Amino acid sequence: MAEQRYDPHEIEPRWQEVWANERTWEVGNDPEGGGGAPCSYVLEMLPYPSGEPHIGHLKCYSVGDAIAHFHRRLGRRVLHPMGYDAFGLPAENHAIKTGEHPRDSTATSIASFQRQFHSWGISIDWSREIATHEPSYYRWTQWIFLELFRAGLAYRKEAAVKWCPHDQTVLANEQVDADGRCERCGALVEIRQLEQWFLRITDYAERLLGDLEGIDWPEHVKTMQRNWIGRSEGAEVTFRCEELGIDYPVFTTRPDTLFGATFFVMAPEHPDVLRLAEGTPNEMEVRQYVNRTLNESNEERGNAEKPKTGVPLGRTVTNPVNGEQLPMYVADYVLMEYGTGAIMAVPAHDERDFAFAAAFDLPVRSVIAPAPGSEADPSLPFTGDGVLVDSHADFDGMQNRAAIAAIVHWLDREGKGHASVNYRLRDWLVSRQRYWGCPIPVTYCETCGIVPVPEAELPVRLPDIDDYTPKGRSPLAAAEDWVRTTCAECGGPARRETDTMDTFVDSSWYFLRYCDASNHEAAWDPRPLREWMPVDQYIGGVEHAILHLMYARFFCKALADLGHLDFQEPFSALFTQGMVTKDGTKMSKSRGNVVSPAALIERVGSDTARAYILFVGPPDQDADWSDEGMEGVHRFLSRLWRLAAETAERAGEPVPEPSAAAYPDGDDLALVRKTHWAIEKVSGDLRRFAFNTAIAAVMELLNDCSRLRDDVELDTLRFSLASGASLLFPFAPHVCADAYSLLTGQRVWEQPWPEADEAMLESDSYELVCQVNGKVRDRVQASADASSETLGELCRAAPNVKAHVNGREIVKEIVVPGKLVNLVVR
RNA sequence: GCGGGCGUGGUGGAACUGGUAGACACGCCGGCCUUAGGAGCCGGUGGGCGAAAGCCCUUGGGGGUUCGAGUCCCUCCGCCCGCACCA
C-alpha cells in the first residue's frame, strides 16, 4: 500500500478552484420573494479594510462559515455575502502621512482581504460583494440620509460637541471613551460649540429599549444597550426665577424629596448661566468658573471623587411645592447633556448634593426617614426608602414610593410639573470634518437655506484633493470648484456641505444592500428583503455591542416608519465571538505577539487554522493561541485524511452512499453506534455554537475508527469515516471535501446533513451506576428494558454494594432508569 | 457605586434539563518502529494511602437545600467586562 501523506497545500487550492469556478456559494433571489425552500441569512460583521486580515477576522469568519454550511446542508437557501466598511480615519491618516490616496490604500487592503477569504475557503456569495466607499453604494447612503432629513430625523444644530484636537474632528458620544479620550487616537477630547448634523435616535429610545425583548441576543449585549439608553422615570418640575421671570424645569427621579430641596444648581454649559449672573456681584467669578470648567477635560471633570466646586449665581428660584426661595449655583457636577442641565438639590437624600452642601455650608433638610422598625441606617445622606416627614400635611407619613405618585399628581394639577421619562441616550452626531467619508448630500443657498441634492443628482461624488491634512474644517472645503454649485430650488449660487458622514452611517444599512446588491434603480427592492431579512444569524465582536448594533437597529426602525422596510429589527439572533489572545494578552505589533493568518496558512493550511481556532474553546469566550494546540488539530486532520485515503484505496471503487452492513454486530455495531452518537452530538452542538465539543466528538469517532480499522467490515469503516468527514466539513471544509470524495466519489456540500438513526442511539445494555448513600460503589451491566425493580435488584446484588450496605437497613431506593440506582441506608 | 459574566488537573477546556467530575486536546512519562527524528504508532497520566481489591480527598473558601450538588440557594474571597457626579 502506497504511503499516504496529508498535504493541505495540494488539497486546499484544488477545492477552492472548484468552488470559485462553479460559483458554488452564490444564491439567487427568489422572484416571488421567498416562499419556496426555507431561507437563511448568515452574516458576519463586514471587515474594515486596513492592512491585512488578522486572527480575529479568521475566528469571526470561521464561526460564520460553519453556521452557513450547516444551514445549507439542512436544506436551506443560505445568503452569506461579504463586503468592506471602506471609509474611515485610518486610510485618511495614512494618506496624510504618505500622500497615497485613501482609495488606493483601501483597494490594496481589500485585495488582500479577498485573497485571504479565498485561501481560507470561506463560502461567500461573491456576486453580492459591496464596498461602502464605492459611489454605487454611497449613492444610497446619501439617499437614506435625505429620507431621514425629509422626515425631520436628520437635522442641523449648534451644540457643545466633543472635538478631538488630534484628529481635528467632531466625535459622537459613543466614540469618546470613559477617560474622555478619543476612541481612535487617545487624545483628550475637548468641548466646542459648532453647528453639526445630528440624527434623531432619541425619538427611538423607547422602541430601541422595548424591542430588545423580542430578539435572541446575548444578555450582556442587551444589558449594555439598556444601560446606554439609560431610561429613568421621574418628573419634570418647574422652578421659577422671579427676578428674571424665567421658568427652569428640572428632571428628578425623586419628586418625593421636593420638600427637602435647599438649593438649585445649573451646569456650566447652561445657556442662561451668564445671563443670570449678569449684574450680580458674582458675575466675574461665574465667568471665570465657567471658562475654567469648559476647558477642563472630561477625564478631570468626570471624576466623582473630586471635591465639589461651584459658584453662587446671586439669584434664587421658587420651590413650586412650598414657595421657598432657593439660592442658585453653577457647578460642574451638573451635566448639560443629561436632563435639563439644571437640578434641584436635596442634600439630605443625594450623595452629590450632600457633598456640595457640605462644601458650601448649605442647609440640609431631611424629609424621608427610615420606616419605623426598619433597620436602615438613618444617617445622612439617606438614599433608601422610607416615609415622608416635615414635608406637607397631605404627604407626611406616606411611604415615599407612594408619595412620588401623589406629589406628581399634585404638581400636574397645579401646572407645576408632570411625570416624565428621561434617557441618557443623546442624538447621534454624524458630521465629520474629514475627507474619507460619504459626502453629506445637501447644499446651502443664501435664499433657500439648506437644500437637499435632488435624487437624480445622487451620488454627490467625493472629489479628488491634494491635501488631506485636517485644519479644523473638512479638507473638502479646499475643493472650491466642487463646493461651488447652484441651488436646486432657486438656481442661484449655493455651496455644498463639506462635512462627511460618520462611517457608522455606512455600516448601518449594508446588510440590506446585500439582498439586492446590484440594483441601480433603488437602494433595494422590497421583495428580496422580504425573502432574506431580518438576518437570521449575525456574528461579530462585542466591541460593537453599543455603537454599530444600536445604529443599525435605529436605521431599521426609522426606515420602517418611512415605509421602506416591513420589519423592526435587523438581527434576529446575535453571536459575539471572543478575542484571540497570545500569552494571555491582546495581540499587538508593539508586543510582537501577532499571529498572522497568512503565515499560519502557509505553514499548516487553512483547515487546521480554522478547526483549531474553533476547537480551542467556546467561541464566545476569549481564547489564547497555542502553536502546540494547533499541532494537535493538524495531527487529527492528518489522521482523518490518511485513514480515509487508505480506506478508499483498500476498498477500490468509491461508493456513493456509504452504509454499514444492514445488521452489524460486535465491533461493527459498536462503531456504527459511535457514528450515530457523533451525528447526534455534532448536530446538537452546532445548534448551540459548541464547536469545540463538536470537533471533539469527531475526534472520538476517528479514534474509534483507527482502533477498530482492522476489526470491522470495510463498509462499516467507510461509512463511519465518510460520516466523520461530513460532520467536520463545516469546520475544515477542504480536507473533508477531499476525504469524502475519496470514499464516496460525491461532493459533501451537496449531501444533506446526516441524520442519526434513533435505534442506533440506544444500546440494549448499559453500565448501571450503583450508589450507596450517594457514593458510587459499583457498576454493573443492565439491560436497557429492565424494570425499576430489576435495576434495584441488580444494584443490591452488586458485590461492592453488598459490602457497603453490610446488613444495614435500606430506607430508600432511588432508581433513575438508564443511569443509576442509589440506596439510602441507615 | 450600579449592571453583567466567570472561578474545574501541569495547560486549554468537557459535564446541555441536579445523576459515574475531568470528555477531547496539549504537555509530560514509558514503550514500539527507525541510521536518526521536532515523523508515525501503542500504553499511562487529578491528589493521597495501599502489593492489590479498594478506601479517602478533590470543581475559589464557608454554610444550606437534596437520596444525590461543579450545576440550585445564602455568604465571603478573587478575576474579567460594561456603565458611572445620569439628578
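In what follows, chains carry the letters A, B, and so on, assigned in the order in which the sequence lines appear, proteins first and then strands, with residues in each chain numbered from 1. Predicted model, so just to flag it, every value in this text is computed and none were measured.
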What is the distance, to the nearest angstrom, from the [atom1] atom on [X] to the [atom2] atom on [N]?
{"X": "Arg826(A)", "N": "C67(B)", "atom1": "CZ", "atom2": "P", "answer": "14 Å"}
{"X": "Met224(A)", "N": "G82(B)", "atom1": "CE", "atom2": "P", "answer": "7 Å"}
{"X": "Met336(A)", "N": "C85(B)", "atom1": "CE", "atom2": "C1'", "answer": "16 Å"}
{"X": "Lys308(A)", "N": "A87(B)", "atom1": "NZ", "atom2": "P", "answer": "14 Å"}
{"X": "Glu351(A)", "N": "C85(B)", "atom1": "CD", "atom2": "C1'", "answer": "11 Å"}
{"X": "Leu258(A)", "N": "A87(B)", "atom1": "CG", "atom2": "P", "answer": "15 Å"}

Please measure how far the [atom1] atom in [N] lies from the corresponding atom in [M], and state the result in whole Å.
{"N": "C41(B)", "M": "C80(B)", "atom1": "P", "result": "41 Å"}
{"N": "G63(B)", "M": "G12(B)", "atom1": "P", "result": "28 Å"}
{"N": "G78(B)", "M": "G61(B)", "atom1": "C1'", "result": "11 Å"}

Its contact letters, B for base, S for sugar-phosphate only and - for none at protein heavy atoms under 4.0 Å, make nucleotides 11-19 of chain B read -BSSS---B
Heavy atoms from C-beta onward define the side chain here; which of [options] lies closest to that of [X]?
{"X": "Arg424(A)", "options": "A84(B), A87(B), G3(B)", "result": "A84(B)"}
{"X": "Arg635(A)", "options": "G27(B), C67(B), G4(B)", "result": "G27(B)"}
{"X": "Val824(A)", "options": "C85(B), A25(B), C67(B)", "result": "C67(B)"}
{"X": "Asn703(A)", "options": "A84(B), A25(B), C85(B)", "result": "A25(B)"}
{"X": "Leu335(A)", "options": "C57(B), A87(B), A21(B)", "result": "A87(B)"}
{"X": "Tyr333(A)", "options": "C85(B), G4(B), A87(B)", "result": "C85(B)"}

Would you say a side-chain N or O of Arg709(A) is under 4.0 Å from OP1 or OP2 of C42(B)? no
At 4.0 Å (heavy atoms only), tell me whether His634(A) reaches a base, stays on the sugar-phosphate, or touches nothing.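 Nothing, no nucleic acid heavy atom in range.
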Indicate yes or no for a side-chain donor-acceptor contact from Arg426(A) to the backbone of Glu337(A) under 3.5 Å, with no hydrogens or angles considered.
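The answer is yes, because a donor-acceptor pair under 3.5 Å joins these two groups.
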Sorted by chain and residue number, the side-chain contact (heavy atoms from CB on, under 4.5 Å) partners of Val824(A) (sequence neighbours excluded) come out as Asn773(A), Val811(A), Lys812(A), Ile814(A)
Residues passing the side-chain contact (heavy atoms from CB on, under 4.5 Å) test with His9(A), sequence neighbours excluded, are Asp7(A)
Checklist line | Syn/anti label of G9(B) as read from its glycosidic torsion, with the cut at 90° from 0 | finding: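 G9(B): syn glycosidic orientation.
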Residues forming a salt bridge (Lys or Arg N to Asp or Glu O under 4.0 Å) with Glu680(A), sequence neighbours excluded:
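Here no residue qualifies.
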The salt bridge (Lys or Arg N to Asp or Glu O under 4.0 Å) partners of Asp622(A) (sequence neighbours excluded) come to none
Contacts satisfying side-chain hydrogen bond (donor to acceptor under 3.5 Å, both in side chains) that involve residues 578-587 of chain A (not counting sequence neighbours) are Thr581(A)-Asp624(A), Thr585(A)-Asn593(A)
